[in-house]
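Encoded as structure tokens, the structure appears first; notes follow it.
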Amino acid sequence: MLLLALVIVAVLAQTALKHYGLLAPADTPAAKASARVQAPDASGQVDAATTTPRNALERARGVENTVRKQADELGRQIDDTAK
């Protein structure tokens, strides 16, 4: 009986994690791509366009970095225009 309860809790937890984006569903292309190890190119760097974030926190950090870069670029453009 206890084992059955643990299985039910595990299934519900997995469903909740998938729903909140903390665990990618196994049948999605993003999950399959993140399961593969990305090989570096000739320069030794991994192509950022082909890598997929492994969880929602990494996606949020990526969005934050993009917004910061765009804000810096806009600030430079405003400063250049004001001169």
Check your understanding: When clusters are formed from ILVMFWY side-chain contacts under 4.5 Å, directly or step by step, what else is grouped with Leu3?
Key ->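 Noted: Leu3 shares its cluster with no other residue.
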Practice item. Indicate yes or no: does Arg68 engage Glu64 in a salt bridge with an N to O separation below 4.0 Å. Key: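 Here Arg68 pairs with Glu64 in a salt bridge, since their nearest N and O are under 4.0 Å apart.
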Exercise for review: Report the C-alpha distance between Arg76 and Asp72 in whole Å, list the side-chain angles of each, state the deciding distance to 0.1 Å, and finish with yes or no for side chain to side chain contact (heavy atoms under 4.5 Å, CB included).
Suggested key: CA-CA 6 Å; Arg76 279 191 291 263; Asp72 290 342; 4.2 Å; yes
Review point. To the nearest 0.5 Å, what is the distance between NZ (Lys18) and CD (Gln14)?
Key: 4.0 Å
